[in-house]
Amino acid sequence: MKEYWKKNGFILAAALMLSVISSTMSAGISVLLREIVDAAAGKQTAVFGKLCMFTVIYILMICAVSFFSSVTAKYLTGRIIRQYRRDVFRGIMGRRPVRYYQEHTADYISALTNDMKLIEENYITALLNTFELAVMLAATLFLLVLLSPAVTAILLAAFVLMLLIPAVIGRFLEKRQTKVSRQMAVFTESLKDLLSGYEVLKSYNRIEDANERFQMENETETRVKFQAARLFALNEGVSDTLSALSISVVIFASAWLVLTGHISMGTLLALVQLSGTFTAPIVLLMQNLPKIQSVRSVIARLNGYADSGMGEKKPGGIPTFGHAVEFRHVSFSYDENTPVLSDISMRFERGKKYAVMGPSGCGKSTLLKLMTGGLEDYCGSILYDGRELGTLDPDRIAGIVSLIHQNVYLFNWSVRENILLHEEFSEQELQEAVEKSGVSEFLDEKENGLDYLVGENGALLSGGQRQRIALARAMIRRTPLVILDEGTSALDRETAYEIESRLLEDEKITLITITHHPDEELLTRYDQVYRMG
Ligand code: ADP
């Protein structure tokens, strides 16, 4: 987190300076009060009038400084959170697929929303607040020593007592806060799952069960949050009581000093006022310190996300596909006990067409993931033009291979944006891809054509239409290697046949079609068929 404070050093300095001015001025009010009371007691009317005027101006100035101080602090908090969130998001998205899928998307969502909020409130705001309170405390202490060392000694004794308590409670709070953060991730995950499964739940009449499940998570979340809140409340209760006690002690001690003629009534009032500005910050500090401590584990987790992308970026050569991609005696398993691929050897030459066939579950998708650098720790060799995949930059594979998955993901954007994915292509290239993929056929029915919004994950399109957009996405990129991962399965037979035919006719591309239900006629047009399983 430190680097974010440093990065915003200038604004931080401004915020801290304003906060020093604002808190010192607030402490200074007690001196003014003493003068006013003593002037009244001494019946000095002219001085009294002037002091009253000055006090009004002084208070207005405090008001202005405190406003600017607060605005600067909020601006700084906003900036830091924005930068931190950007880095955490980058880190998550920069993960290699193996790592990315180790955690659920809901965990990431929760980190970027719930956890960020925790950090904003319980860390950044709390730290800035703590600084302001510490300055106020120092200024008050200075004035207190000037007015009465004896009363200061009493207050300091109370101070030590008051700081011991949050230290003890803080440790418990850290544990509770970790639990809250985890529970919020579970809650988001379950919520996302239930909402995404709406169609299944509705068609099997399981909505009532979903309501019950949600209610269960809802209750657990509330309970876990309440357990943490209870501890915060205990902390606050104890600190409030101690503060009330210490103010009473100061009143007794100061009254005794007035009785014995050691101090004036004005000084008594100033002391009582100062003990307020002394204990109030301590109470707030007591509440802030455990908060700051409690989010440490959350910050550690988010830092892990922010750093994860960077650590994984391996420098590597630029992959090429001039001649062939080859699998030599490749074996792979997700876990030690169940081998998925054993001793696979295949060769895909540039410009040729290949079909890889096999029953469901035989490892076809795994083969694909290996080929595109999505999985590591395989045995044997995967060679791009004779160079081992492990020595190449995995991010550059996308420049060679276009993948058309069985499950197409469409963003809630227009058809055009879903094809371009915000990459630059000419209008002519776009038109060509739209024609070749068959997207143009269904666009004719849509009023706004390419600007038609497809809805959440393409909900406003049919399965076949979604697949055609996926085809257009691949075609516009003109990568030398196109992989159809049962990519035409959602299309009707005729369109599927037509699209596969077009890809087979395209001499420029190397096609690998991965399928478990091949069209026998099309199969004869492939240069080679590999059978798995
Ligand atoms: P296919 O594409 O031929 O249907 P897959 O390559 O998807 O088959 O899966 C091959 C086997 O590997 C299956 O038994 C599947 O359960 C398993 N598998 C796939 N992905 C994972 C994963 N991420 N972790 C563990 N096992 C997996």
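Only this structure's heavy atoms are used, side chains among them; waters, hydrogens and symmetry mates stay out. Fair warning: this is a prediction, and the values are worked out from it, not measured in the lab.
Between I382 and E326, every side-chain heavy-atom pair lies at or beyond the 4.5 Å cut-off. Within the 4.5 Å cutoff, side-chain heavy atoms of L503 are placed close to those of L471. Between L16 and E132, the closest side-chain pair of non-hydrogen atoms is not below 4.5 Å. Using a 4.5 Å heavy-atom threshold, the side chains of I509 and L481 count as separate. In this structure, V186 and E221 have side chains that are not in contact, with every pair of non-hydrogen atoms separated by 4.5 Å or more. Two residues are said to be in side-chain contact when any heavy atoms from C-beta on lie closer than 4.5 Å; Y384 and V401 meet this criterion. At least one side-chain heavy atom of L128 sits less than 4.5 Å from a side-chain heavy atom of T77. For the pair L367/K364, no side-chain contact is recorded, criterion being any heavy-atom separation below 4.5 Å from C-beta on.
Residue pairs satisfying the salt bridge (Lys or Arg N to Asp or Glu O under 4.0 Å) criterion with at least one member in residues 407-425, sequence neighbours excluded, are listed as follows: R416-E427, R416-D451, E423-R477. Residue pairs meeting the salt bridge (Lys or Arg N to Asp or Glu O under 4.0 Å) criterion with at least one partner in residues 209-219, sequence neighbours excluded, are R206-D209, D209-R213.
In this structure, W413 and F411 have parallel ring planes: the angle between them is below the 30° cut-off, well short of the 60° mark.
A donor-acceptor pair under 3.5 Å links the side-chain atoms of T524 to the main chain of E521, judged by distance alone. Under a 3.5 Å cut-off, the side chain of R350 and the backbone N or O of F321 do form a donor-acceptor pair. Side chain of N122 to main chain of I292: no donor-acceptor pair is present (N/O by atom type, distance under 3.5 Å, no hydrogens or angles). In this structure, the side chain of R90 does not engage the main chain of A306 through any donor-acceptor pair within 3.5 Å. With hydrogens and angles disregarded, no donor-acceptor distance shorter than 3.5 Å links the side chain of N418 to the backbone of V454. Checking side-chain atoms of T479 against main-chain N and O of S402 turns up a donor-acceptor pair under 3.5 Å. Within the 3.5 Å criterion, the main-chain N or O of D107 finds no donor-acceptor partner in the side chain of S110. Within the 3.5 Å criterion, the main-chain N or O of G351 finds a donor-acceptor partner in the side chain of T510. Although no hydrogens or angles enter the test, the distance criterion places no donor-acceptor pair under 3.5 Å between the side chain of N457 and the main chain of A459.
Considering every non-hydrogen atom in both P480 and I400, the closest pair reads CD-O, 3.3 Å. Contact record, S381 with V330: O-CG2, 3.3 Å, taken as the closest heavy-atom pair.
The neighbour count for Q83 CD, taken as heavy atoms of other residues, nucleotides or ligands under 6.0 Å away, is above 12. Around CG of L523, the count of heavy atoms belonging to other residues, nucleotides or ligands within 6.0 Å exceeds 12. Atom NZ of K117 is surrounded by 12 or fewer heavy atoms from other residues, nucleotides or ligands within 6.0 Å. The 12-atom threshold is not exceeded at OH of Y101, counting heavy atoms of other residues, nucleotides or ligands nearer than 6.0 Å. In the displayed structure, Q428 atom CD is contacted under 6.0 Å by at most 12 heavy atoms of other residues, nucleotides or ligands. By the neighbour-count criterion of 12 heavy atoms within 6.0 Å, atom CD of E507 is sparsely surrounded, having that number or fewer from other residues, nucleotides or ligands. Residue Y452 qualifies as enclosed at atom OH: its count of foreign heavy atoms under 6.0 Å is above 12.
Taking the six-membered ring for Trp and the full ring otherwise, the centers of Y305 and Y108 sit less than 6.0 Å from each other. A distance of 6.0 Å or more separates the ring centres of F89 and Y84. Aromatic ring centres of F232 and F226 lie farther apart than the 6.0 Å criterion allows.
A salt bridge links R347 with E349: at least one charged nitrogen is closer than 4.0 Å to a carboxylate oxygen. R468 and E441 are joined by a salt bridge, as a carboxylate oxygen and a charged side-chain nitrogen come within less than 4.0 angstrom of each other. Using a 4.0 Å cut-off between charged nitrogen and carboxylate oxygen, K353 and E505 do not count as a salt-bridge pair. Using a 4.0 Å cut-off between a side-chain N of Lys or Arg and a carboxylate O of Asp or Glu, E376 and R96 qualify as a salt bridge.
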Full working for side chain to side chain contact (heavy atoms under 4.5 Å, CB included) between L76 and I80
CA-CA 6 Å; L76 176 67; I80 293 182; 4.1 Å; yes
Evaluate the criterion side chain to side chain contact (heavy atoms under 4.5 Å, CB included) for residue pair Y198 and L195; output intermediate values, then yes/no.
CA-CA 5 Å; Y198 171 80; L195 290 174; over 6 Å; no
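The distance from atom CG of N288 to atom CZ of F131, rounded to the nearest 0.5 Å, is 14.0 Å. A distance of 7.5 Å separates OG of S294 from CG of L118, quoted to the nearest 0.5 Å. Remark: I514 CD1 to M371 CE distance equals 7.5 Å, nearest 0.5 Å. Summarising the geometry, atom OG1 belonging to T222 is positioned 9.0 Å from atom CD belonging to Q183; distances are rounded to the nearest 0.5 Å.
Of the N and O atoms on the side chains of T513 and Y354, not one donor lies less than 3.5 Å from an acceptor on the other residue. A donor and an acceptor atom, one from each side chain of S437 and R473, are nowhere located under 3.5 Å apart. Between the side chains of R301 and S181, a donor-acceptor pair is found at a separation under 3.5 Å. Between the side chains of T338 and D335, at least one donor N or O sits under 3.5 Å from an acceptor N or O. A donor and an acceptor atom, one from each side chain of H329 and D343, are located under 3.5 Å apart.
Taking R86 as the reference, nothing meets the side-chain hydrogen bond (donor to acceptor under 3.5 Å, both in side chains) condition, with sequence neighbours excluded.
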